[in-house]
Amino acid sequence: MTTQYSLADVKKHNDNRSTWVVIHNNIYDVTEFLNEHPGGEEVLLEQAGKDGSEAFEDVGHSSDARELMVKYKIGELTESERKPVKEKNPDWGTKSSSTDSSSQRYVYLVFIDISF
Ligand code: HEM
């Protein structure tokens, strides 16, 4: 089962010693990725310890970036704190992660969007 963390847990990891970020209700530990992020470490540190979904989508990250994220996922946000996922750039190509429950939820939410 995927580990669940609260926003309060995530908030403790808000600097370059331990950098966690929430993106679409998933939690990523990007500490080791700071140096490698093509967008630089500053922008990641700005979102450290909080929900960076909007900032992440504003950049319009590629499908490569979305695939890369899987490597850094450490858990999911605790259920009561989850938000509806709004992706600006839905990517139907990342089938590799479709076995994980978060992408099933993603498909469901997109369906609701379209139906309105
Ligand atoms: C695990 C999380 C993340 C991963 C794996 C990731 C990965 C990447 C990759 C691979 C790129 C190169 C361009 C692309 O392929 O789209 C990129 C660019 C960029 N990312 Fe991220 N990113 C992450 C989170 C974030 C967050 C939270 C922000 C917050 C603002 C951000 C801001 C940027 C910016 C500003 C660029 C540069 C765009 C440019 O120079 O054209 N990234 N990222």
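Both ligands and their constituent atoms are indexed starting at 1 by order of listing. Just so you know, residue 1 is the first one in the sequence shown, and it goes up from there.
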Review point. Among protein heavy atoms, which sits nearest to atom 29 (C) of ligand 1, and what does the distance come to when rounded to 0.1 Å?
Key: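 The closest heavy atom on the protein side is Ala55 CB, 3.7 Å.
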Study note, to complete from the structure: protein heavy-atom neighbour closest to atom 4 (C) of ligand 1 works out as Phe33 CE2, 3.5 Å
Exercise for review: Could you say whether the N/O atoms of Tyr28 and ligand 1 ever approach to under 3.5 Å?
Suggested key: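 Not met; the criterion fails.
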Are any non-hydrogen protein atoms located under 4.0 Å from [atom]?
atom: atom 39 (C) of ligand 1; result: no
atom: atom 22 (N) of ligand 1; result: yes
atom: atom 13 (C) of ligand 1; result: no

Under 3.5 Å donor-acceptor, [X] side chain and [Y] backbone:
X: His61; Y: Phe56; value: yes
X: Thr2; Y: Gly75; value: no
X: Ser62; Y: Ala65; value: yes

Revision key, fill the gap. Test side chain to side chain donor-acceptor pair (under 3.5 Å), reference His24, set Arg66, Lys83, Glu76, Glu57, output is Glu57
Revision key, fill the gap. Near atom 21 (Fe) of ligand 1 (protein N/O/S, cut-off 2.8 Å, waters excluded) we have His37 NE2, His61 NE2
Exercise for review: Check whether any side-chain heavy atom of Leu34 sits under 4.5 Å from a side-chain heavy atom of Thr19, and report yes or no.
Suggested key: yes
Grouping I, L, V, M, F, W and Y whenever their side-chain heavy atoms are under 4.5 Å apart, do [X] and [Y] come out in a common cluster?
X: Ile23; Y: Val70; result: no
X: Leu7; Y: Ile27; result: yes
X: Leu45; Y: Trp20; result: no

**Study point:** Donor-acceptor side-chain pairing of Asp51 and Ser53 below 3.5 angstrom
**Key:**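 Their side chains do contain a donor-acceptor pair, which is all the 3.5 Å distance test asks for.
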Check your understanding: Under 4.0 Å between a Lys/Arg side-chain N and an Asp/Glu carboxylate O for Glu36 and Lys71?
Key ->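 A salt bridge is absent here (no side-chain N lies under 4.0 Å from a carboxylate O).
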Review point. Counting from 1, what ligand 1 atoms have a heavy atom of Ser62 closer than 4.0 Å?
Key: 14 (C), 15 (O), 16 (O)
Check your understanding: Does Val30 reach ligand 1, in the sense of a heavy atom lying below 4.0 Å from it?
Key ->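 It does; at least one heavy atom falls under 4.0 Å.
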